[in-house]
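A quick write-up on the structure given underneath.
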Amino acid sequence: MHEWALAEAVARTVEELVLSGRDVKHVEVVLGELQAVDEEVFRVALEELLSSLRAEKGVSVGGFTITREKALFKCNVCGHTWSLDEWGVAEEFREAIHFVPEAVHSYYSCPKCGSRDFEIVKGRGVQVRVR
Amino acid sequence: MHEWALAEAVARTVEELVLSGRDVKHVEVVLGELQAVDEEVFRVALEELLSSLRAEKGVSVGGFTITREKALFKCNVCGHTWSLDEWGVAEEFREAIHFVPEAVHSYYSCPKCGSRDFEIVKGRGVQVRVR
Amino acid sequence: MELDFRAPLIRERLSSIKLVVPVASPKGGVGKTTIASALSVLLARSGVKTGVLDLDFTNPTTHIMLGVDTASAMPEEEKGVLPVRVEENLELMGLAFYTRDRPLPLRGHSVVDALREVLAITRWSSTVLVVDSPPGLSDALLEMLRLARGSRVLVVSACDKLSLVSTKRILEFLEHEGVAVLGVVANMCKDCRGLEEALGVKPLDCVPRFEQL
Amino acid sequence: MELDFRAPLIRERLSSIKLVVPVASPKGGVGKTTIASALSVLLARSGVKTGVLDLDFTNPTTHIMLGVDTASAMPEEEKGVLPVRVEENLELMGLAFYTRDRPLPLRGHSVVDALREVLAITRWSSTVLVVDSPPGLSDALLEMLRLARGSRVLVVSACDKLSLVSTKRILEFLEHEGVAVLGVVANMCKDCRGLEEALGVKPLDCVPRFEQL
Ligand SMILES: Nc1ncnc2c1ncn2[C@@H]1O[C@H](COP(=O)(O)OP(=O)(O)O)[C@@H](O)[C@H]1O
Ligand SMILES: Nc1ncnc2c1ncn2[C@@H]1O[C@H](COP(=O)(O)OP(=O)(O)O)[C@@H](O)[C@H]1O
Ligand SMILES: [Mg+2]
Ligand SMILES: [Mg+2]
Ligand SMILES: [Mg+2]
Ligand SMILES: [Mg+2]
Ligand code: NI
Ligand code: NI
Ligand SMILES: [Zn+2]
Ligand SMILES: [Zn+2]
């Protein structure tokens, strides 16, 4: 539950873009499934950060939306691709992966060949798209 | 001058594609500027390899063309992008880079900040496109 | 590197640190973890607020050298992540708290992503950050130097032939990059003159081999 | 991994080799290069045609251990590249022939590209290929094991705490990957029983610390 810090990263990026002269109409924050960010806690944090950004530094954006992206994995050894629906992460390891998604390589394998040499193709964690 | 081996790699890939049932109408071999492959020597080698492939294994392709791709670099430290025209590789290092293009990181730097932490964005070496 | 939304926050996190000291050598086993740990304890005990980052993500061992048990100590979560308190003035952050003794096989781009994530969420309360680097001149060290260009690198070198050529390489590399070097610590050497001749540089110190270590 | 036009030729090059033996440990300085070099010389002198690949691209040192001077010996070019002849039955290939004593800073994806290029163009005339791996569980070792899945890994371990946890990690990693392990060579250990207890595995051999090495 360090969603505040993740929201802070988004707010700092928006701040830098606006201060560099970019007119930011809309911010889309994509939450990748693997990191399992708590959307509500994140939303409240980002709202607070953006409002203080407006109040204290006069930096404002049109608005933001939060979307979700399914996780997709691809094995470098056998080429298999799969999702968390097909092969979940055990409960006890989710917190480590929540803080550092790459920790998934210590706890999770390709369901087809068992290798830990795979790519997180999609849905790793927080991404920001700006319009 | 190991163009024969580079042509052999192309021939082996074409062979595998055809034997796996793929109808290969046309092969485009792209020669990236950085590796400085000798086009003529490469062409003669590939022609010989493809004709023996046809004669010995009945594997044939429509035809092949050789195109060239300019090299483009991008510095990870300062973001500068540049080409070999702007900043050439010293003559004495070209042979090493000809055999292993990644050796460029021992002999060549970003012209703007001097860093050797850069990406070879385009034009590294041999690439194959099949239709 | 494409724009990464974590970059501005990473800059802010690192800006609170006065000095970043990567302890590095492309050669393995010359004493990076030992020297980084000893240095950080010395700094802490002389009153300097010191942080240690274990950058050897695929084989973290700094916590063992600092006597921190990853099973019982976890970084606290408070508007981010707080490094683990080792002793007064000394805090440690690394992936071992998340992966423990398990293997963490990572391709280079994953090392970069993990490093950016750690540097974005970690809230240091230190003035000096000692970075225990993995061997090699690859993603971990390159990305750390990219994110903290004002770093001053402490190069650790043993005195055998393999180490000397390795030390010459990283000194040359750091010179190209325009990254500052604090100097070379000669470690486990019977006699440091060989190193001086080979490198043309006087070692900052000549740490002997301690039998019982 | 996207299709790489070099893949079929790499398979062909490696198919002429009966046994690929990566000498590995995620820990640096445990003796990978020393054991890989000693093993390859022993094999060659017992009549086995042996090749050595220095996989430590960003800090190659195997040629020094094998006494090969990269300034005077270059791989010959003949329909590809022939490894350098070290002695009868022993040949060596690595990037040091191209980059010598210079630093070669490489991000992981570049290590992969360079390895594929070397394996595609190199024409081995050996039955056994000993691969001197760099420390860490990253691109070099992962890609080598991906390209040569039938490898049998020789794990080198020292006996101190840092090495033992590192050895446990790579043994666990290789088990997940389903990659065969020849065994563990205990190196520079005063007494190997500690290793046996910690790993629950009997070392293949217990190589002492040779003072003059
Ligand atoms: N000065 C020293 N005296 C005795 N042993 C040492 C000394 N420095 C390092 N070592 C030992 O050498 C091994 C490698 O040291 P380490 O710090 O892990 O090197 P690196 O981090 O460079 O791989 C460790 O077992 C460590 O205990
Ligand atoms: N059995 C041994 N006795 C004495 N010195 C050794 C022994 N094995 C390795 N060394 C020395 O230890 C250092 C590290 O060995 P090296 O083979 O380079 O390890 P790695 O390749 O695992 O990093 C080298 O200077 C080497 O000469
Ligand atoms: Mg290093
Ligand atoms: Mg270390
Ligand atoms: Mg290894
Ligand atoms: Mg080595
Ligand atoms: Ni959280
Ligand atoms: Ni050539
Ligand atoms: Zn798989
Ligand atoms: Zn630059």
Side-chain angles (χ1 to χ4, degrees), chain A residues 1-20 22 27-30 32 34-35 37-38 41 45-46 48-49 74 76-77 92-110 115-120 124-130, chain C residues 2-15 53-55 57-60 70-71 74-84 93-124 139-140 143 147:
Chain A
M1 288 284 288
H2 61 311
E3 275 65 359
W4 177 273
L6 299 176
E8 225 182 325
V10 176
R12 283 297 166 284
T13 286
V14 166
E15 179 183 352
E16 208 163 84
L17 284 172
V18 172
L19 292 182
S20 68
R22 177 94 179 264
V27 177
E28 181 194 1
V29 180
V30 184
L34 182 61
Q35 192 162 25
V37 172
D38 183 313
V41 174
L46 187 55
E48 194 182 317
L49 285 160
K74 183 169 166 59
N76 286 327
V77 174
E92 58 183 304
F93 306 134
R94 290 193 192 145
E95 197 190 3
I97 294 167
H98 172 66
F99 283 105
V100 184
E102 280 65 37
V104 72
H105 291 282
S106 280
Y107 300 113
Y108 190 59
S109 311
C110 164
S115 172
R116 298 204 164 176
D117 181 9
F118 57 82
E119 301 301 326
I120 309 168
R124 171 190 176 277
V126 177
Q127 289 162 64
V128 176
R129 295 183 189 131
V130 173
Chain C
E2 316 73 32
L3 282 192
D4 184 312
F5 81 100
R6 295 166 294 195
L9 183 56
I10 290 173
R11 276 193 292 276
E12 189 181 309
R13 301 291 195 204
L14 293 178
S15 65
L53 172 65
D54 185 348
L55 191 60
F57 286 176
T58 72
N59 194 45
T70 52
M74 268 302 274
E76 269 171 60
E77 192 277 315
E78 203 218 299
K79 290 204 169 181
V81 167
L82 306 181
V84 166
M93 185 56 181
L95 293 196
F97 296 110
Y98 300 105
T99 58
R100 303 278 169 64
D101 286 352
R102 288 174 171 255
L104 180 57
L106 291 177
R107 298 270 180 170
H109 65 87
S110 297
V111 169
V112 168
D113 234 333
L115 176 57
R116 290 181 189 169
E117 197 78 22
V118 167
L119 290 180
I121 63 176
T122 302
R123 300 173 62 201
W124 302 97
D139 291 86
E143 187 64 11
L147 293 166

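Naming convention: chains lettered A, B, ... in sequence-line order (proteins, then strands); numbering from 1 in each chain. Just so it is clear, the model here is predicted, and its values are computed rather than measured.
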- prompt: With respect to chain C, which residue among A/Glu3, A/Gln127, A/His105, A/Arg116 yields the maximal number of heavy-atom pairs within a distance under 4.5 Å?
  reply: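 Among A/Glu3, A/Gln127, A/His105, A/Arg116, the one with the most close pairs to chain C is A/His105.
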* Asked: What option among A/Ala103, A/Ala11, A/Ser106, A/Gly125 has the most heavy-atom pairs under 4.5 Å with chain C?
  ->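 Top count of heavy-atom pairs under 4.5 Å with chain C: A/Ser106.
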| Note: A/Glu8-C/Arg6 ion pair, threshold 4.0 Å (strictly below) |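 A salt bridge is absent here (no side-chain N lies under 4.0 Å from a carboxylate O).
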Quiz item: Going by an N to O cut-off under 4.0 Å, is there a salt bridge joining C/Glu117 and A/Arg124?
Solution: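 Yes, C/Glu117 and A/Arg124 are salt-bridged.
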Quiz prompt | Contact leader toward chain A among C/Ala120, C/Pro103, C/Ala7, where contacts are heavy-atom pairs under 4.5 Å | solution =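 Winner by heavy-atom pair count: C/Pro103.
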Contact leader toward chain A among C/Arg123, C/His109, C/Arg100, where contacts are heavy-atom pairs under 4.5 Å |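 With the most close heavy-atom pairs to chain A, the winner is C/His109.
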Taking CD in A/Glu28 as the centre, count heavy atoms belonging to other residues, nucleotides or ligands within less than 6.0 Å. Is the count above 12?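 Count over threshold, so yes.
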- Query: Taking A/Glu102 as the fixed residue, which of C/Val111, C/Val112, C/Leu106 is the one that meets the side chain to side chain contact (heavy atoms under 4.5 Å, CB included) rule?
  - Reply: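 Option passing the side chain to side chain contact (heavy atoms under 4.5 Å, CB included) with A/Glu102: C/Leu106.
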Of all the heavy-atom pairs spanning [X] and [Y], show the shortest one and how long it is.
X: C/Gly80; Y: A/Ala5; value: CA-CB, 3.6 Å
X: A/Val100; Y: C/Ala114; value: CG1-CB, 4.0 Å
X: C/Asp4; Y: A/Thr13; value: O-OG1, 4.5 Å

Residue part contacting chain C, namely of [X], when any heavy atom lies under 4.5 Å:
X: A/Tyr107; answer: both
X: A/Val126; answer: both
X: A/Leu6; answer: both

Below 4.5 Å from any heavy atom of chain A, which atoms of [X] appear? Answer side chain, backbone, both or neither.
X: C/Pro105; answer: both
X: C/Leu104; answer: both
X: C/Glu12; answer: side chain
X: C/Arg13; answer: side chain

For this session: Verify side-chain contact (heavy atoms from CB on, under 4.5 Å) between A/Phe118 and C/Arg107, making sure each step is shown before the conclusion.
Result: CA-CA 9 Å; A/Phe118 57 82; C/Arg107 298 270 180 170; over 6 Å; no
Check your understanding: Does A/Phe93 reach the side chain of C/Arg102, with side-chain heavy atoms less than 4.5 Å apart?
Key ->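 A side-chain contact under 4.5 Å exists here.
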**Prompt:** For A/His2 and C/Glu78, does a side-chain donor sit closer than 3.5 Å to a side-chain acceptor?
**Reply:**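 The criterion, which ignores hydrogens and geometry beyond distance, is not satisfied for C/Glu78 and A/His2.
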